[in-house]
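What follows is a short report on a single structure.
When reading the values below, keep in mind they use all heavy atoms of this one structure, side chains included, and skip hydrogens, waters and symmetry mates. Numbers restart at 1 for each chain; the letters A, B, ... are given by sequence-line order, proteins then strands.
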Number of protein chains: 2
Amino acid sequence: MLKILEALANPHRLQIIALLKGRRIHVSQLAREASMSRPLLYMHLKRLEAAKLVSSKMELSSNGKAMNYYELTPFDLRLSPESIAEAVKTLTIKKSGGTTSGTSSAKEDTHE
Amino acid sequence: MLKILEALANPHRLQIIALLKGRRIHVSQLAREASMSRPLLYMHLKRLEAAKLVSSKMELSSNGKAMNYYELTPFDLRLSPESIAEAVKTLTIKKSGGTTSGTSSAKEDTHE
DNA sequence: AACACCTGTTAAAAATATATTACATATGTA
DNA sequence: TACATATGTAATATATTTTTAACAGGTGTT
């Protein structure tokens, strides 16, 4: 879930999803429609693909040119305190310790 | 919607939401339970509060100490290509131009 | 050959986000 | 007064993300 949220937390990537809704587009065309450079688009697509929100398929057009078509993976995610609490159970938060007690000198702000 | 997604795209903040589910907690207690320093927690809470996912209320405990209690704002958001496409309509993506044509020299990768 | 498209990648710069350290302040109790 | 708790902020360091610039190669058409 976190990976999906990270993938969606960017205006360009939301726009890419909106542009892909209901149709397949190849990378260069998508770059034009999204008004962004291809290297940047590749980066964003990679992130969306890693989150499995989009998929790609290389095809040869009738004139023999290679075209990489992207399309949306159907998804319908619900975000609520409950669904988040569930997802958190499977998360490993780095540097976590689970300290319950706390007998620290009041001058220190750090906790661990 | 973007602001909410950005607020949720972080493991610590998801954890904070999970910890706040169904109860009110004051900042110091939350810092202990989340195993993070208060300055860091403040930063994350500010982000959640800006997205209106949590709210806070200062109260005086029985012994006269000031306590800042945080609680969840109920929310239930749906994420689908459709809801995203709707949200994108209201987004202003910086440096957008809406270039439809493109007569650029093939050597350049930049598009605008 | 030169042009117009298409496919990608790598390296570095710029912008944000995250995390830490140090500080300042207040209340109640031993 | 000293200690333990609570409130909060400002400045800095670190890490990550986003963006740009430069490169390397393919096919088909004029």
* Selection: residues 50-61 of chain B, any non-hydrogen atom under 4.0 Å of DNA chain C ->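 Correct list: empty, so none.
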
How long is the line joining [atom1] of [X] and [atom2] of [N], in whole Å?
{"X": "A:Asn63", "N": "D:dG26", "atom1": "CG", "atom2": "C1'", "value": "13 Å"}
{"X": "A:Met36", "N": "D:dT18", "atom1": "CE", "atom2": "P", "value": "11 Å"}
{"X": "A:Ile16", "N": "D:dT19", "atom1": "CD1", "atom2": "C1'", "value": "13 Å"}
{"X": "A:Glu49", "N": "C:dG8", "atom1": "CD", "atom2": "C1'", "value": "13 Å"}
{"X": "A:Met43", "N": "D:dT20", "atom1": "CE", "atom2": "C1'", "value": "11 Å"}
{"X": "A:Leu45", "N": "D:dT17", "atom1": "CG", "atom2": "P", "value": "17 Å"}
{"X": "B:Lys3", "N": "C:dA17", "atom1": "NZ", "atom2": "P", "value": "11 Å"}
{"X": "A:Leu40", "N": "C:dT9", "atom1": "CG", "atom2": "C1'", "value": "15 Å"}

Contact check, side chains of [X] and [Y], non-hydrogen atoms, under 4.5 Å:
{"X": "A:Met43", "Y": "A:Leu40", "answer": "yes"}
{"X": "B:Met36", "Y": "B:Gln15", "answer": "yes"}
{"X": "B:Leu20", "Y": "B:Glu71", "answer": "no"}
{"X": "B:Leu77", "Y": "B:Ile4", "answer": "yes"}
{"X": "A:Tyr70", "Y": "A:Glu49", "answer": "yes"}
{"X": "A:Leu5", "Y": "B:Asn10", "answer": "no"}

* State which residue, out of A:Leu53, A:Leu19, A:Ile17, fulfils the side chain to side chain contact (heavy atoms under 4.5 Å, CB included) condition with A:Leu72. =>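 Passing option: A:Ile17.
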
Considering just the side-chain nitrogens and oxygens of [X], establish if one lies under 4.0 Å of OP1 or OP2 belonging to [N].
{"X": "A:His44", "N": "D:dT19", "value": "yes"}
{"X": "A:Arg32", "N": "C:dC6", "value": "yes"}
{"X": "A:His12", "N": "D:dT19", "value": "yes"}
{"X": "B:Asn68", "N": "D:dG8", "value": "yes"}
{"X": "A:Ser37", "N": "D:dT19", "value": "no"}
{"X": "B:Arg47", "N": "C:dT18", "value": "yes"}
{"X": "B:Asn10", "N": "C:dT18", "value": "yes"}
{"X": "B:Arg13", "N": "C:dT18", "value": "yes"}
{"X": "A:His26", "N": "C:dT7", "value": "yes"}

Selection from [options] that lies nearest to any side-chain heavy atom of [X]:
{"X": "A:Val27", "options": "D:dT9, C:dT7, D:dA6", "result": "C:dT7"}
{"X": "B:Tyr42", "options": "D:dT9, C:dT9, D:dA6", "result": "D:dT9"}
{"X": "A:Pro39", "options": "C:dC6, D:dT7, C:dT10", "result": "C:dT10"}

* Of A:Glu6 and B:Ser28, whose nearest nucleotide on DNA chain D comes first from the 5' end? ->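 The answer here is B:Ser28.
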
* On the 0 to 90° scale, with breaks at 30° and 60°, tag the A:Tyr69-A:His26 ring pair as parallel, tilted or perpendicular. =>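 Rings of A:Tyr69 and A:His26: perpendicular, over 60°.
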
